[in-house]
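First up is the structure itself, then whatever we jot down about it.
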There are 2 protein chains.
Amino acid sequence: MPVTLNTSEPDFEARFADMLAAKREDSTDVNDAVAAIIADVRKRGDAALCDLTSRFDRLDLTPDRLRFSPEEIAAQVAHVSAPDRAALTLAAERIRAYHERQMPEDAIWTDPQGATLGWRWTPVSAAGLYVPGGQAAYPSSVLMNAIPARVAGVDRLVICVPTPGGHLNPLVLLAAQLSGVTEIYRIGGAQAIAAMAFGTDTIAPVDKITGPGNAYVAAAKRQVFGRVGIDMIAGPSEVLVIAEGDQHPDWLALDLLAQAEHDADAQSILITTDPALGHAVAGAVDRILPSLPRARIAGASWRDYGTIIIVRDLEEAAALSNRIAPEHLELCVDDPEALAAKCVHAGAIFLGPHTPEAVGDYISGPNHVLPTARSARFSSGLSVLDFLKRTTMARLTPGALNAVGHAAMRLAAAEGLQAHGESIRARLDLLNERPPE
Amino acid sequence: MPVTLNTSEPDFEARFADMLAAKREDSTDVNDAVAAIIADVRKRGDAALCDLTSRFDRLDLTPDRLRFSPEEIAAQVAHVSAPDRAALTLAAERIRAYHERQMPEDAIWTDPQGATLGWRWTPVSAAGLYVPGGQAAYPSSVLMNAIPARVAGVDRLVICVPTPGGHLNPLVLLAAQLSGVTEIYRIGGAQAIAAMAFGTDTIAPVDKITGPGNAYVAAAKRQVFGRVGIDMIAGPSEVLVIAEGDQHPDWLALDLLAQAEHDADAQSILITTDPALGHAVAGAVDRILPSLPRARIAGASWRDYGTIIIVRDLEEAAALSNRIAPEHLELCVDDPEALAAKCVHAGAIFLGPHTPEAVGDYISGPNHVLPTARSARFSSGLSVLDFLKRTTMARLTPGALNAVGHAAMRLAAAEGLQAHGESIRARLDLLNERPPE
């Protein structure tokens, strides 16, 4: 039975605050080990990659075998069944269509003083996508990371994926192919992040690294940040379902369990105005849970972090949702748009009873890489913007410099930066001898 | 005399690569000291802030004196001269006008399958701006950080600024007032970052922290990242000027010196097609340098990091510029737009001879907080986007779920996530009993 809170009870605030503050992740300190691996890859390059892959992935490689050949990829991809291929292709198309709409526009205008101003977006030249190996090698994550990069216009798109014992899900390779990935290397861990950040003889460095990974990968991404760009460091996943009383308990229970089956550290929360519904959902979870192949993981998550909160009305639900700032927010209520307007901190919102969170993991189109652990208060899911950068542009005419330069000179003087002021004054002096054309 | 390189010389590539790899910043490790300060502020709150401010800023405070009162602000601001106020007001207006154009649009559409998709931008609830004290308390930086936050719609905007010995430039307070800052605290260092990230009895926590600072501030921002959002960690500043032969050597020399006077670690680079211009600019720098109040700083920067590169043509200049990925790029050439199109990695581009970089620091409108140390390869200057986050939205009709749900179920099965598939199947089963309205 999960924790059940009720906003009408006197200890609610304290218990809710405890829930918000609870840390759901072990933070093993692997920084020193990771720093040593990065230093080794910087120093010995491909040789270090081969040694580390032998050690961690039980796979003996030579530098010329680090990269998957086109023939290997084709042979693996041929194993994918037609229905799986069709499903992945539909997902890729829908994700691409959604992300194409995210492409920002350049701008350029001339203001009344004669200053032409604007900005221009350009893609990063090369991006590297980390894909975890084994159980967590999700083809859907390949699509979600690689497609926004390609839509942004990234030319060179690299994947590193560990293949413990040489094994890899062929759907991962198909997803890479469908997304336009140009190079795939069979390496993982901190050594893969180091190789993408600093380069080796075989692997040219990239400018941006994205993708999920274990504690070593996360620490390596933090350590190379600055040398290259990185996406967020994801924490355990969470879902918040807000439901009114007329919803199907089984549907809601399955949505909570879909989150819980990801990870024992995942969190599933139900907020409802109807105590009877809360009770029915808890019962449905207990009934369905034993039937799941991942019952052990889902059960641990639900037992340790599952929470049902009874509220007086949807106003209260929205206020609590904003404090939780959930990664995924499902609104199973009569007027989900009205409630969504009040829920201002969330990674992704799923509106209405026929939009289970699972469609967002695969097929609806928006990205499934989303801010976790309350970071939706200040950050966004992955998008094409993560693979673009903006250059601001300014061109002043002599007249525009004359109109605004004097103010800049005053401010430079106030900040004690004389050369700043002089660089403007020298130009204005000459202009005033020869009036601007 | 600075380093002079020439792309026609055989050792150019090696020397250029050395220049790119040179580290211009001492990286003193202050992580342990900063961790202790953060822990102290988390534990003792305002009492820790007062103790640390007494120790580091020689200023004895009580919790009720941490915040500037409206009366103090008014009294200080009254000292600002009318021309300084006019200059700062013009700068604020121009920066606001530029950033207002950056506001991104929400989107919502319905696809042929009946899925309504889109996204929505919302501001962070509260942002904290760090302003360094003493010499580096730049009013222009207050405008550049606070105005984008206000344009984004941030309600609560906090400044922390150390006031060593109680002293503060009144222009900083005026800039805060002009930008709509709501709270100003006289604290600095890692303790200010900790207070904004975790909150104390007096200072409510914020969601995003931006602004420059010393090594302690930078380390503190890194340590609180995740708890709150942060902007980039800025390195030493740099300018690259690309010039053809008909430019005024003095103008270019002043632009190089304007960068150099910021910091002994700053870097000024001139790339020119004309060796005679390179020689003339070097001479002009030597002639002007002794007259600058900050000659010692600018001289050290120019001596240690100043570089003049002679190239065969502007194609070569653009290729080198893309490898440097400069924070500031000034194009003093006949057709700056054509050259700008080839320079794809730069924080800000200044086109033509009447757009000295200094106008960008103060008055032209674009932000002066820009990516340093080659990070323009993958990141952008500060903008309203830094104070917004995007929530993706999806609403499926029963028909849309029927159209795409089967593919999602296949992918869930391929990833071994049964509850994901079941959450869709349960809905489809019911729909198939009762066909969708």
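Chain letters run A, B, ... following the sequence lines, proteins first and then strands; every chain starts at 1.
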Heavy-atom pair count under 4.5 Å with chain A, highest-scoring of B:Trp251, B:Trp121, B:Phe350, B:Phe225: B:Trp251
When A:Ser291, A:Pro336, A:Pro356, A:Ser125 are compared by non-hydrogen pairs under 4.5 Å with chain B, the top option: A:Pro356
A:Gln418 (side chain) donor-acceptor with B:Leu292 (main chain) under 3.5 angstrom: no
Side chain A:Thr355, main chain B:Leu396, donor-acceptor under 3.5 Å: yes
Geometric class of the A:His420/B:His262 ring pair [parallel <30°, tilted 30-60°, perpendicular >60°]: perpendicular
Most contacts with chain A, counted as non-hydrogen pairs under 4.5 angstrom, among B:Ala426, B:Gly421, B:Gly226, B:Cys343: B:Ala426
Between CZ on residue A:Phe378 and CD1 on residue B:Ile209, distance to nearest 0.5 Å: 10.0 Å
A:Tyr98 and B:Trp119 aromatic ring geometry - parallel, tilted or perpendicular at 30°/60° bounds: perpendicular
Interface moiety of A:Gln113 toward chain B, non-hydrogen atoms closer than 4.5 Å: side chain
Among B:Pro83, B:Ala86, B:Gly381, residue most engaged with chain A (heavy-atom pairs, under 4.5 Å): B:Pro83
Donor-acceptor pair, side chain of B:Thr391 and main chain of A:Ala346, under 3.5 angstrom: yes
Which atom of A:Ala340 lies closest to which atom of B:Met393, heavy atoms considered: CB-CE, 4.0 Å
Residue A:Ala175 versus chain B: region with a heavy atom under 4.5 Å: neither
Heavy-atom pairs under 4.5 Å with chain B, option from A:Pro104, A:Pro353, A:Ala107 with the top count: A:Pro353
For the student: nearest non-hydrogen atoms of B:Leu411 and A:Ala91, plus distance: CD1-CB, 3.9 Å
Most contacts with chain A, counted as non-hydrogen pairs under 4.5 angstrom, among B:Gly352, B:Ala115, B:Pro139, B:Gly365: B:Pro139
Minimum heavy-atom distance between B:Leu117 and A:Ser364, given as atom pair plus value: CD1-O, 3.4 Å
Closest heavy-atom pair and its distance - B:Val344, A:Arg120: CA-NH2, 3.7 Å
Interatomic distance, B:Glu422 atom CD to A:Leu257 atom CG [nearest 0.5 angstrom]: 10.5 Å
B:Arg101 side chain vs A:Gly118 backbone, donor-acceptor pair below 3.5 Å: no
Distance (rounded to the nearest 0.5 Å) between A:Leu430 CG and B:His354 NE2: 7.0 Å
Engaged part of B:Ile363 at the chain A interface, taking heavy atoms whose separation is under 4.5 Å: side chain
Toward chain B, the part of A:Ile349 with a non-hydrogen atom under 4.5 Å: both
Contacting region of A:Leu417 [heavy-atom separation from chain B under 4.5 Å]: both
Top of A:Ser375, A:Ala414, A:Ser383, A:Gly405 for chain B proximity - count of heavy-atom pairs under 4.5 angstrom: A:Ser383
Proximal component of B:Leu329, with respect to chain A [non-hydrogen, under 4.5 Å]: neither
Check: B:Thr392 and A:Asn367 side chains under 4.5 Å, non-hydrogen atoms: no
Reported CZ-to-CG distance for the pair B:Arg410 and A:Asp84, which is rounded to 0.5 angstrom: 4.5 Å
Max heavy-atom pair count under 4.5 Å with chain A, selected residue of B:Ala97, B:Ala253, B:Pro366: B:Pro366
Contacting region of A:Ser379 [heavy-atom separation from chain B under 4.5 Å]: backbone
Charged N-O contact under 4.0 Å between B:Asp250 and A:Arg427: no
Contact winner vs chain A - B:Lys208, B:Glu105, B:Arg390, heavy-atom pairs under 4.5 Å: B:Arg390
Winner by heavy-atom pair count (cut-off under 4.5 Å) against chain B, out of A:Ala413, A:Ala394, A:Ala358, A:Gly229: A:Ala394
Donor on one side chain, acceptor on other, A:Ser423 and B:Glu357, under 3.5 Å: no
Contact class of A:Leu289 relative to chain B, heavy atoms under 4.5 angstrom: neither
Donor-acceptor contact below 3.5 Å, side chain B:Arg377 vs main chain A:Arg227: yes
Side chain, backbone, both or neither of B:Ala341 within contact of chain A (heavy atoms, under 4.5 Å): backbone
Engaged part of A:Thr397 at the chain B interface, taking heavy atoms whose separation is under 4.5 Å: backbone
Top contributor to chain B contacts, counting heavy-atom pairs under 4.5 Å, from A:Gln259, A:Met232, A:Glu337: A:Glu337
Heavy-atom pair count under 4.5 Å with chain B, highest-scoring of A:Leu171, A:Asp111, A:Leu90, A:Ile288: A:Asp111
Structural part of A:Pro371 lying under 4.5 Å from a heavy atom of chain B: neither
Beyond-backbone contact of B:Val404 with A:Tyr362, side-chain heavy atoms, under 4.5 angstrom: no
Over all atoms of both residues, closest heavy-atom pair of A:Arg294 and B:Gly416: CD-O, 3.2 Å
Nearest atoms (heavy-atom pairs only) where B:His345 meets A:Pro123: CE1-O, 4.2 Å
Part of A:Val206 within contact of chain B (heavy atom distance under 4.5 Å): backbone
